Amino acid sequence: MSLSAAEDDSATEIHLPADINWEMLDKSKFFLVGAALFSGVSAALYPIVVLKTRQQVITTQIPCLKMAVSILRNEGFRGFYRGFGTSLTGTIPARALYMGALEMTKSNVGTATVQLGFSEASASTIANAAAGLSAAMAAQLVWTPIDVVSQRLMVQGNGNTSCCSALRLKNYNGGIDAFRKIIYSDGLRGLYRGFGISILTYAPSNAVWWGSYSVAHRVIWGCIGCYCCKKDENGYRPDGKAVVAVQGLSAAMASGVSALVTMPLDTVKTRLQVLDGEGNGQKSPTILQTVRNLVKEGGFAACYRGLGPRWASMSMSATTMITTYEFLKRLSTKNQESFA
């Protein structure tokens, strides 16, 4: 099923590029090239994730720019990439699970909803939302342990930027040491700390994002399509730059909605995964205790610490992801001539 069917606007017809479904892809090329492309994207955006994580963990509000300057001054550029090796190790299999679940769900649900009588626009939104939900749940099986370890490494710093000394967190000598110490103290359960709330954060976030992206994509083409297309005897056809621009704008709009909806859950999740309470001789905090601590520190607004970096990270990541992802799909089609 094509989820990017032509849009009708009065007497004009816009012919968008055909969508590429799961059956059309060369799977080995899709996963190998995808791993390389998305590793590069992760490297580019990692410093923003470090800033967001530190803002969510510290007990006082520090402006993002001030924290960035402090990290650069006390830790150097390397401070922005603490835990990156561990994160990258998990990104590759997690992305593979994510992309596989995304494409299979989108293709199957899209076909089923059309057969049930839904319009193509409704089928597209439902299929994208369901695909985002299933993809996030699949990826978290790998990503949660990596997230726990990489976030603990992110908050380790030197001097004034260190969260470890202020919050009495453990120090780790790299990802392997962190894995070993977490398993020794908490068992496998320690690596999956926050798994439930991660699902509650990322599954709805992905469903909202992909559903919003589908809606935004169609709305934008409906509003400005004719101005970004070249007319031929069959109607209007967008050029490559217009397609990428609309994809990027749609992704940024969807990210804004998703970030606002799920930010409090993300803050609670981060604290659960980073703060283990052992420095105070106490048990690991529960979700309710974590929420109470946040409210004590700064009211409900404390749950939105790091919103700026998270919004920026999600917008840039989503914009880069969707344009890279669509490029990857076209690069990985079995019959390239059909999509020239």
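Since this is a predicted model, take the numbers as computed values, not measurements.
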Spatial distance of atom OH (Tyr202) from atom OG1 (Thr262) [nearest 0.5 Å]: 8.5 Å

Chi angles and distances behind the side chain to side chain donor-acceptor pair (under 3.5 Å) call for Trp209, Ser255: CA-CA 6 Å; Trp209 191 93; Ser255 297; 3.0 Å; yes

Distance (rounded to the nearest 0.5 Å) between Gln151 CD and Asp147 CG: 4.0 Å

Verdict with reasoning, Thr91 to Trp143, per side chain to side chain contact (heavy atoms under 4.5 Å, CB included): CA-CA 7 Å; Thr91 294; Trp143 188 248; 3.4 Å; yes

Polar contact flag, side-chain donor to acceptor under 3.5 angstrom, Arg152-Thr86: no

Hydrophobic cluster membership, Trp311 vs Val261, 4.5 Å side-chain cutoff: no

Note, Thr267 side chain near Arg310 side chain (heavy atom, < 4.5 Å): no

Nearest heavy-atom neighbours spanning Ala254 and Ser212: CB-CB, 3.8 Å

Derivation of the side chain to side chain contact (heavy atoms under 4.5 Å, CB included) call for Lys52 and Thr270: CA-CA 10 Å; Lys52 178 208 66 119; Thr270 299; 4.0 Å; yes

Single-linkage hydrophobic cluster Ile322~Leu331, side-chain heavy atoms < 4.5 angstrom: yes

Parallel, tilted or perpendicular, as decided by the 30° and 60° cut-offs, for the rings of Phe77 and Phe80: tilted

Greater than 12 external heavy atoms within 6.0 Å of Leu260's CG: yes

Heavy atoms from other residues, nucleotides or ligands near CE of Met137 exceed 12 (cutoff 6.0 Å): no

Side-chain (Tyr172) to main-chain (Phe179) donor-acceptor, under 3.5 angstrom: no

side-chain hydrogen bond (donor to acceptor under 3.5 Å, both in side chains) involving Gln140 - partner list, sequence neighbours excluded: Thr144

Within-4.5 Å side-chain heavy-atom neighbours: Val49 and Met154: yes

Any side-chain heavy-atom pair of Phe327 and Val244 under 4.5 Å: no

Spacing of SG belonging to Cys64 relative to CD1 belonging to Ile48, to within rounding of 0.5 Å: 8.0 Å

Nearest non-hydrogen partners of Ala101 and Ala135, listed with the distance: CB-CA, 3.8 Å

Closest non-hydrogen atom pair between Gln56 and Arg271, with its separation: O-NE, 2.8 Å

Within-4.5 Å side-chain heavy-atom neighbours: Ser250 and Val246: yes

ILVMFWY network linking Leu307 to Val57, side-chain heavy atoms under 4.5 angstrom: no

Minimum heavy-atom distance between Phe118 and Ala123, given as atom pair plus value: CB-N, 4.3 Å

Ser39 vs Leu88, side chain to side chain contact (heavy atoms under 4.5 Å, CB included): CA-CA, chis, key distance, verdict: CA-CA 7 Å; Ser39 293; Leu88 186 61; 3.5 Å; yes

Distance-minimising heavy-atom pair for Pro93 and Val142: CG-CG1, 3.9 Å

Which residues share a salt bridge (Lys or Arg N to Asp or Glu O under 4.0 Å) with Arg95, sequence neighbours left out: none

hydrophobic_cluster_shared for Tyr184 and Leu191, side chain cutoff 4.5 Å: no

Single-linkage hydrophobic cluster, 4.5 Å side-chain cutoff, Val50 and Met67 together: yes

Distance (rounded to the nearest 0.5 Å) between Leu272 CG and Arg193 CZ: 8.0 Å

Rounded distance [0.5 Å steps], CG in Leu51 versus OH in Tyr46: 11.5 Å

Pair Ser198-Gln273, side chain to side chain contact (heavy atoms under 4.5 Å, CB included): steps then yes or no: CA-CA 10 Å; Ser198 292; Gln273 292 176 330; 3.5 Å; yes

Straight-line distance of Thr333 OG1 to Leu328 CG, nearest 0.5 Å: 10.0 Å

Check: Ser107 main-chain N/O paired with Thr111 side-chain donor or acceptor under 3.5 Å: yes

Thr105 side chain to Leu102 backbone, donor-acceptor under 3.5 Å: no

Met314 and Ser205, any side-chain heavy atoms less than 4.5 Å apart: yes

Closest non-hydrogen atom pair between Gly248 and Thr323, with its separation: N-CG2, 4.4 Å

